[in-house]
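In the text below, chain A, chain B and the rest are named by the order of the sequence lines, each starting its count at 1.
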Number of protein chains: 2
Amino acid sequence: MNPTIKDVAKMANVSIATVSLVVHNHKRISQETKDKVLSAIEQLNYHPSHSARGLVRRNSGNVGFILTDDHFLRTEPFYTHIFIGSEFEAHENELYVLLTTINSDYNINNKLPRFILERNVDGLIIAGKVPSPFIDQLSKYSFPIIFVDYLPNTNKYSGVMIDNVKGGELATEHLIRCGNNVIAFIGGDIEHPSIRDRFNGYKNSIEKAGLNVNNEIIDYTEDYPGRPNGYNAAERLFSRSKNITAIFACNDAMAVGAMQYMKDNGIRIPYDCSIIGFDDVVSDNAIDPALSTIRVPKMEMGTEAMKLMAQMIKNNSKECRRVLLPVDLIVRDSTKRI
Amino acid sequence: MNPTIKDVAKMANVSIATVSLVVHNHKRISQETKDKVLSAIEQLNYHPSHSARGLVRRNSGNVGFILTDDHFLRTEPFYTHIFIGSEFEAHENELYVLLTTINSDYNINNKLPRFILERNVDGLIIAGKVPSPFIDQLSKYSFPIIFVDYLPNTNKYSGVMIDNVKGGELATEHLIRCGNNVIAFIGGDIEHPSIRDRFNGYKNSIEKAGLNVNNEIIDYTEDYPGRPNGYNAAERLFSRSKNITAIFACNDAMAVGAMQYMKDNGIRIPYDCSIIGFDDVVSDNAIDPALSTIRVPKMEMGTEAMKLMAQMIKNNSKECRRVLLPVDLIVRDSTKRI
DNA sequence: AGCAATTAGTTAAACGTTTAACTTATAATT
DNA sequence: AATTATAAGTTAAACGTTTAACTAATTGCT
């Protein structure tokens, strides 16, 4: 049986209230008593019962972490890094993380995750784009919600985002500095705020450099921005225009797909065509040449989200707060000065 | 405020004990009363408090899920699938899953995950190989532990495994049936039980076919069995022997690495050399040709582990139980009849 | 010296369940 | 009719904390 507060109290010859006060290091307790109690706690290896605490505090000590299954299961461990960041920061705040996935085609008839129905979380972190019917369902609950890497259009939610526009600019500027002047863009669903922002960054830089934004070398579809999509996008692109010298892909997965197309069709990277991705999730040598990209601070997004969450829980605040994290240009071998 | 059992009792005009009995669908309650209570529960959207329940039942309702960070963050979402399986099955058993990673170089001075120290889990699922100092630390705790995809050498632990020997045999037999008679093996750390079993399956089939096991075309190292390792292994292999017509890689990641080496060196797959992997984790078209492999029922491993866990928790049993899941041969385009 | 203020601790109620032990009403058996 | 058995519910204690309200001892102030 685990030691309880009573065991500690008995051992230290004080009341259980005193033990509790020491645990919360309340000022009312003298140093002498504190030492006595602390030593008993140490000896017994006492840890307060999560359940008992949750019962009287009327909270759970848990934070739900939700993402869609296709995001979680994709090849590039983007969201996995975000989760790890959250989990890490949760330790610092004495919180536990309950991870669950929802269907990417969640609809109004689907059940909400069990920890929401049973109100066994004090807050929710939602990573990546989730179906809007899911978000709608959440409105009846009053716990804080923090979005990471995706923010619904309504401006009532807190979120941790990266500077996608800036990232798009950095990538495009880099390609321009390398001497390219026919720079294509490939993206998935342009309705996705992140992709749209990256595209806007692309446009900004193209225009700033005095080049013209040419729809013929801009390709996006509604499909999931993964490798197959990148492959197909590159195929369409090169069938429309032969003189493309560089591609900015909205993420690394699409970039890798596009690279595969180029390899299959004798287009040498970066000699015939440079390519840059976004996210910095492929670092292994099976991708050749190494992909230049925009680094996204994935773990940091997770930690920032959990920090925000811990604050909101502690202050019982519902105010909407936003964090914007910077991105960096990472130059590897897939982009080359002409 | 969330509705409590009292609210339900008041609404249904019964005692709280009756509500509790209905929730547990105890036979002592008449159908009539049951209906009344159930309808009140429905109307109020009542869910029992996890904390209150945990307090009296002296359990947490949580299961810890542990793996090393490099396993979790690897490119192929192998363990992610296992986790999802566990999480799914946890729902069926009214359990929550607390996921956390440990360092792959965990040592005796590292702290155990918080949920273990605070005894906030009723059991532990450990996925993949973990450092043995970690396992040693666990011995002071008495909750059930289930290993998945890795079982320490001592035979005191419960586990869910796949038939690695059989998988090795299936893969090798397939290559033999395709007409190959110089079949190489590449693997990572041969001390890893799964890799050793796969290798043993390979040997079984080679011998059974009357071929000889040739150390020159067998390559393993102590390194992590990822893509870079596969690349290097292929390099060593082809520098030692030119007439290899097929490779069995101990997993898909190493196979992909080896494929990259072959592509870089003009070895056409499968015309010059066939290759088969293990795990079935790469299904995207950026890997070309599509990789033949041994399918591992990843989600099922997760669900089976959680089923076992739920039983052990329910029966308060500590007996050692094992589940062995079968694997399948998946023929794609990287292996070809000569 | 007499009173107020401060310090250091204790008491006891509350949080929302579960469940053994009890009660009461009805049915079955002698 | 008296006794026993069964059915259907209720009572109350317990689980391990937190914290407001209280007490008692000491110190400070006039």
Side-chain angles (χ1 to χ4, degrees), chain A residues 1-38 40-41 44-62 94 96 117-122 313-314 316, chain B residues 1-38 40-41 44-62 94 96 117-122 313-314 316:
Chain A
M1 203 63 260
N2 290 349
T4 73
I5 200 171
K6 280 187 192 169
D7 301 319
V8 177
K10 199 168 293 174
M11 182 162 193
N13 250 309
V14 295
S15 71
I16 62 164
T18 301
V19 176
S20 180
L21 293 173
V22 169
V23 168
H24 295 87
N25 116 61
H26 194 284
K27 45 186 172 295
R28 212 190 301 164
I29 306 296
S30 71
Q31 191 59 47
E32 196 185 3
T33 310
K34 208 180 264 185
D35 290 345
K36 238 180 7 183
V37 172
L38 251 20
I41 285 176
L44 293 170
N45 190 25
Y46 165 76
H47 290 273
S49 148
H50 202 73
S51 299
R53 207 173 240 191
L55 186 56
V56 28
R57 290 194 184 161
R58 288 127 160 275
N59 69 11
S60 67
N62 301 326
E94 309 223 295
Y96 289 112
L117 293 174
E118 300 184 357
R119 295 182 179 76
N120 192 29
V121 288
D122 303 335
I313 291 175
K314 190 179 293 173
N316 195 17
Chain B
M1 204 62 261
N2 290 348
T4 73
I5 200 171
K6 281 187 193 168
D7 301 319
V8 177
K10 198 168 293 172
M11 184 161 192
N13 249 308
V14 294
S15 72
I16 62 165
T18 301
V19 176
S20 180
L21 294 173
V22 169
V23 167
H24 295 86
N25 126 56
H26 193 285
K27 46 185 171 294
R28 210 190 302 166
I29 306 296
S30 70
Q31 191 59 48
E32 195 188 3
T33 310
K34 207 180 264 185
D35 291 346
K36 235 179 12 181
V37 172
L38 251 21
I41 286 177
L44 292 170
N45 190 23
Y46 165 76
H47 289 273
S49 148
H50 201 73
S51 298
R53 209 173 238 192
L55 187 55
V56 27
R57 292 195 185 161
R58 288 127 161 276
N59 68 13
S60 66
N62 300 326
E94 309 222 297
Y96 289 111
L117 293 173
E118 299 184 358
R119 295 183 178 74
N120 193 31
V121 288
D122 302 335
I313 291 176
K314 190 179 293 174
N316 195 19

Grab the N/O contacts between the protein and nucleotides 9-15 of chain C below 3.5 Å, and write none if there aren't any.
unit_1	atom_1	unit_2	atom_2	d
C:dG9	OP1	A:Ser30	OG	3.2
C:dG9	OP1	A:Thr33	OG1	2.2
C:dG9	OP2	A:Ser30	N	2.6
C:dG9	OP2	A:Ser30	OG	3.2
C:dG9	OP2	A:Thr33	OG1	3.4
C:dG9	N7	A:Arg28	NH1	3.4
C:dG9	O6	A:Arg28	NH1	2.4
C:dT10	OP2	A:Ser15	N	3.0
C:dT10	OP2	A:Ser15	OG	2.8
C:dT10	OP2	A:Thr18	OG1	2.2
C:dT10	O4	A:Arg28	NH1	3.1

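- Between the CD1 atom of B:Ile5 and the C1' atom of D:dT10 there is a distance of 13 Å, rounded to whole Å.
- Among the protein residues, A:His26 comes within range of no part of the nucleic acid, since none of its heavy atoms lies under 4.0 Å from any strand.
- With sequence neighbours excluded, no residue forms a side chain to side chain donor-acceptor pair (under 3.5 Å) with A:Ser49.
- A distance-only check finds no donor-acceptor pair linking the side chain of A:Asp122 to the backbone of A:Asn59 [under 3.5 Å].
- Taking the side chain to side chain donor-acceptor pair (under 3.5 Å) definition, one finds that B:Arg119 meets it with A:Asn2, sequence neighbours left out.
- For B:Arg58, there are no side chain to side chain donor-acceptor pair (under 3.5 Å) partners two or more places apart in sequence or in a different chain.
- Atom CD in A:Glu94 sits roughly 15 Å away from atom C1' in D:dT18 (whole-Å rounding).
- To the nearest angstrom, C1' of C:dA8 lies 15 Å from CG of A:Asp35.
- For A:Arg53 and D:dG16, the shortest distance from a side-chain N or O to OP1 or OP2 is not below 4.0 Å.
- Rounded to an integer number of Å, the gap from B:Asn59 CG to C:dT17 C1' is 12 Å.
- Residues that satisfy the side-chain contact (heavy atoms from CB on, under 4.5 Å) test with B:Ala17, not counting sequence neighbours, are B:Ser15.
- A:Leu21 meets the side-chain contact (heavy atoms from CB on, under 4.5 Å) test with A:His26, A:Arg28, A:Ile29; sequence neighbours excluded.
- In plain terms, the two heavy atoms of A:Arg53 and A:Pro48 that are nearest each other are NH2-CG, 3.3 Å.
- When the side chain to side chain donor-acceptor pair (under 3.5 Å) test is applied to A:Thr33, the partners found at least two apart in sequence or on another chain are A:Ser30.
- Rounded to 10°, the angle separating the first-five-pair axis and the last-five-pair axis of the helix from C:dA1-D:dT30 to C:dT30-D:dA1 equals 50°.
- Distance B:Asn2 CG to C:dT17 C1': 14 Å, rounded to the nearest Å.
- The phosphate of D:dT17 (OP1 or OP2) has no side-chain N or O of A:Ser49 nearer than 4.0 angstrom.
- A search for side-chain contact (heavy atoms from CB on, under 4.5 Å) contacts involving A:Leu44 returns A:Pro3, A:Asp7, A:Val8, A:Met11, not counting sequence neighbours.
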